[in-house]
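Note that these values count all heavy atoms, side chains included, but never hydrogens, waters or copies made by symmetry.
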Amino acid sequence: MPVTRRVLLTLLTAVLVASGLGHPARAGAAPAAEAKAAAPSRVSYDAHSLTVDGERVFVRAAEFHYFRLPSPALWRDILEKYKAAGFNTVSLYFSWAYHSPKRGVYDFTGVRDVDKLLRTAEDLGLWVVARPGPYINAETSGGGFPAWLKRVPGRARSSEAGYTAAYREWLAHINPILARHQVDRGGSVLLYNVENEYQANTDAQYMQDLQDTARADGITVPITTNVCCDAASWASTWGSGLGAVQIPGVDDYPQTFDCASYETVWGDWGEGVTERIRPDAPGYAAEYQAGAIDLDNAGYEACRKLTGVPYMKYFQKNNLVQSGSTLLSYYMGFGGTNWGWLGQPNDVYTSYDYGAAITEARQLTAKYDEFKRQNYFQRAVTPLTSTDAAPGPASSNAALSTAARVNTAEGTQIVLLRHTDRAAVSDDRATLDWATPDGRYQVPVRLIGRDAKLFLAGYDLGGQRLVYSTSELLTHEPIGGRDVAVLYGTGGTAGETVLRYSSRPKVTVLDGKVASSFSGGDLRLSYTHQGLARVLITGGGRRPLLLMLGTDASAATFWRADTASGPVLVRGTDLLRSASSRGSSLSLRADTATAGPIEIWSGTAGGAQPSLLGSQGRATTVTVNGLRVNTNATASGSVVGRLPGPAKVRLPQLSGWQGKAEAPEAKPGFDDARWRVADAGLPSDDYGFHSGAVWYRGRFTATGAETSIDLNAITGRRGVYLVWLDGRYLGSAAGGTQADSDAPINPDPGPGHFAVPPGVLKGGQQAVVSVLVQNMGNNDDWTADDNRFRQPRGLVRASIAGGGDVTWRIQGARGGEDLPDPVRGPLNLGGLYGERAGWTLPGHVAWPRAQWAAPAGVTWFRTEFALDLPRAQDTSLALRFPGTPPAGQRVQLFLNGWNLGHYGGQIGPQTDFVLPAGVLKEHGSNTLALSVVATAPGTVTPPVLVTAGTQRGGPGLVP
Ligand code: GAL
């Protein structure tokens, strides 16, 4: 999908526009969307921003896939981490496939309880961009289309009748849930997104029907869609016509998905400036790249580097200023896991870590810090919600240039400084000739390497007036009757901050080295960014200001949260989940990875006046995670205390493994009488077997002249099939993959040719050929061409050279679309014997001790382990397979019955598989089962448990 998408879309658009087809408004369609959209909503918009109850808002969102975290208790953890990073919105795809195993059957319970998800967002005060598709892409099997849809006639993603009836069924289930959680009804859903990157083979009637259906189902908030690749499409500016949405958003992936080339890629897919599609709607970056799929199996750490802090600084800040977008949604904030058969096989393996700011194991990275720095800034600087583009101050050095935005009402300037040559890595200095709202200044600046800065001028910083600063603003908070502000810059570089006063204020440097001078109403502070300097400024006709001047690193140590008695700032913890105050006591929920100091600024703890004067501020009661913390007041008006770190985590050795070889289906005498006769063709879809392994058994009367068995199976990339003749293993072949625009990267390996060994078959004898096909999931429908998505799975061709007719029987996952295990759902199990027999589930088995050898075929290993992880602590565990993934083996790992991964050399580079708490019993017994499909005999390396991170605190603690 991704490699060819730009080329493909450009071509498609050219054809569509030339033919007039890509342009419904011009095709004379009735303008229906706008009229329908007029239902009253608390959410409105103009060209600058969204408004909620008339108030401008800046939407800072990150994408989250609940279906990639099968543990509802941990949804809160991720959403708390989003909120703590300063996001105020979560963008959520809702996956049709995840909820519907069979036509007419829907499940919204357990790990599918999206009502709970939306309630969690509401509890945390996060808005939601709801993206129910019906098509979502997202590297999910079928792009979110349920597998049963493959057999429904009528082109998918069109207004054809069969498909229309099917998607209306889905919308009839999901829309009412979303509707009752809208901002308009006191909930969190702020925007409703129809379809996904619908730029090829478009059908305006379909887009219109999605919106009409949403409105009929009670959706009243503005409707959006995410546009890919080509902004000049039917969803664009001409679009008051059929199918046009109110606020089109644009997807931008400037850094490509070429993680292996992270050292050289720098905006190879463009500048990443979000194009504004409708002049009457705010700019909306619907999916802005914040990670990548690992197309070239480089491992997700490479993807994290590809989209690391320099990328975020340069591209995100550039976009903010150049596009003026006030809705920014980052894809992904946390990626999660393609557990079971959730993933689309051509682009992803089990992990969907995505190189995101929060790892698959829920750990925070340097990217998280950068999000925090940028989000806190965007939150604090409310003038950002309504700006116009303006020229930036002239730079004395051509290597550095500026761009700016100016607030439409107050004139506050937001100035971007970056290298003129986007690729430059040099260390450059310049003087800016800066006409600020408060006067003209010659301002020295410096930029090192791939970086960008956002400077403010003419800004009302709480009760202060910031004339300008060459430090970036993290945040400023009114705490205890004064302003507490944090500014930062690149470590070792000079910074200058100018504030305006009516008379000379008193400047007390509490920490660090800061020079000050006062002239003409300007207090000029000059310093080098280093550690964390602290300056207290009093008098001068304004309320006091505590200014802290730090570096990127020290700025990232701050957390902010709101309480009933105002905001708090906290330093020293590894996360601040929430804060609340009652009377004079302050309760924090915070995580610590090591023991160490905590520092708190709040209206409750410390007391403003005494500590402000540097005297002994009385620390009121502070609790962290419900435990009292002794604190002392500081000269900075804060209180400091110490927090304990996490307890040591002791993991059990995995031992007592039992093993069992299976694949009885390969034996001639196996009783397959209850299997379906494959009389409607060979592909497994037709029999309701959509995920994982499928067995075929073909009976025939031998002629004795058979020379070969010729097969082809289509499995999706990374699939395989194994063949036996009368119990004798003949070998394996790679499964075929999609043959479309992606063919160059996913070549179809072609049919498998298996020679019949001489003497095995005798004329007149009954014989059985057994084939195990390892399906890997369905293709997506990104190009909306239907063929790709409908491509069959399983055997597509089978013949015996020199032989006669074969009668085939087929068996896949037990029950097919009638799930025996709706809790784990349609994407959990395939049709291996052990899967059908429940060997994945907890319970006793009496198998021999594991020998760690796997003959060609299928072997199972099982063990149990007990855990008692430290309480009041968040520990993330993973199962690690030591060494390099073996070429001839593919292992499925089941934890307590949940299929948490696929391991093997032909699948991907992944060796660590996250075991999410919830599925993992942290205080109890766990059952681990491994199925090994081996294409050649080999030894198996047993996995071990490892800790992927542990912090005292965690999402479970309520103060
Ligand atoms: C976008 C798409 C997303 C996801 C992403 C790549 O084009 O809208 O669903 O597939 O690409 O990860």
Side-chain angles (χ1 to χ4, degrees), residues 34 37-38 40-62 86-91 125-131 182-184 188-193 220-227 231 235-237 239 244-252 273-288 316-330 371 374-390 403-416 454 456 458-460 473 475:
E34 297 295 290
S41 174
R42 293 171 57 194
V43 186
S44 188
Y45 61 93
D46 61 16
H48 291 298
S49 76
L50 228 52
T51 57
V52 177
D53 294 332
E55 212 171 288
R56 289 197 180 281
V57 297
F58 196 108
V59 173
R60 303 178 301 279
F87 291 110
N88 60 2
T89 305
V90 56
S91 174
L126 287 171
W127 284 314
V128 167
V129 178
R131 309 206 297 160
Q182 289 175 105
V183 168
D184 292 341
S188 55
V189 174
L190 182 73
L191 288 176
Y192 179 95
N193 187 118
T220 48
V221 295
I223 293 183
T224 178
T225 193
N226 56 319
V227 174
S236 75
T237 179
V245 299
Q246 292 170 287
I247 309 177
V250 179
D251 295 352
D252 273 303
V273 175
T274 304
E275 202 168 328
R276 178 187 296 263
I277 302 182
R278 288 186 65 138
D280 60 342
Y284 174 23
E287 285 179 23
Y288 201 87
Q316 294 177 190
K317 291 178 185 179
N318 189 51
N319 187 37
L320 182 80
V321 171
Q322 304 273 28
S323 76
S325 296
T326 53
L327 294 92
L328 302 174
S329 187
Y330 290 98
F371 268 131
Q374 295 192 21
N375 283 337
Y376 278 25
F377 168 79
Q378 288 164 17
R379 187 203 144 276
V381 182
T382 52
L384 267 172
T385 53
S386 180
T387 62
D388 289 330
R405 300 203 73 82
V406 176
N407 175 264
T408 49
E410 296 147 33
T412 299
Q413 298 175 358
I414 299 100
V415 170
L416 171 78
L454 292 173
L456 289 167
Y459 176 57
D460 289 326
L473 178 74
T475 189

Closest approach of [X] to [Y] (non-hydrogen atoms, all atoms of both residues):
X    : Y    : value
V183 : R42  : O-NH1, 2.9 Å
S188 : L126 : CB-O, 3.2 Å
A47  : R276 : O-NH1, 2.7 Å
A286 : S329 : O-CB, 3.3 Å

R405 versus T387, side-chain donor and acceptor atoms under 3.5 Å: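 Their side chains do contain a donor-acceptor pair, which is all the 3.5 Å distance test asks for.
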S41 side chain to D184 side chain, donor-acceptor N/O pair below 3.5 angstrom: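 Side-chain D/A pair, S41 to D184: present.
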To the nearest 0.5 Å, tell me how far [X] [atom1] sits from [Y] [atom2].
X    : Y    : atom1 : atom2 : answer
L416 : Q322 : CG    : CD    : 6.5 Å
T326 : R56  : OG1   : CZ    : 8.0 Å
T385 : Q378 : OG1   : CD    : 11.5 Å
Y45  : I247 : OH    : CD1   : 5.5 Å
H48  : T408 : NE2   : OG1   : 5.0 Å
L327 : T224 : CG    : OG1   : 8.0 Å

For [X] and [Y], indicate whether the former's side chain and the latter's backbone hold a donor-acceptor pair under 3.5 Å.
X    : Y    : result
Q246 : I223 : yes
Q413 : A404 : no
R379 : F87  : no
R278 : P248 : no
N318 : V321 : no
R60  : G86  : yes
N88  : W127 : no

A side-chain contact here means heavy atoms from C-beta on lying under 4.5 Å apart; do [X] and [Y] qualify?
X    : Y    : value
F371 : Q316 : yes
Y284 : V129 : yes
E275 : V227 : no

Passing candidate, side-chain contact (heavy atoms from CB on, under 4.5 Å) with L384, options N407, L456, I414, L454: I414
From CA spacing to verdict: side-chain contact (heavy atoms from CB on, under 4.5 Å), V406, D388: CA-CA 5 Å; V406 176; D388 289 330; 5.6 Å; no
Side chain to side chain contact (heavy atoms under 4.5 Å, CB included) partners for S325, two or more places apart: T274, S323, L328
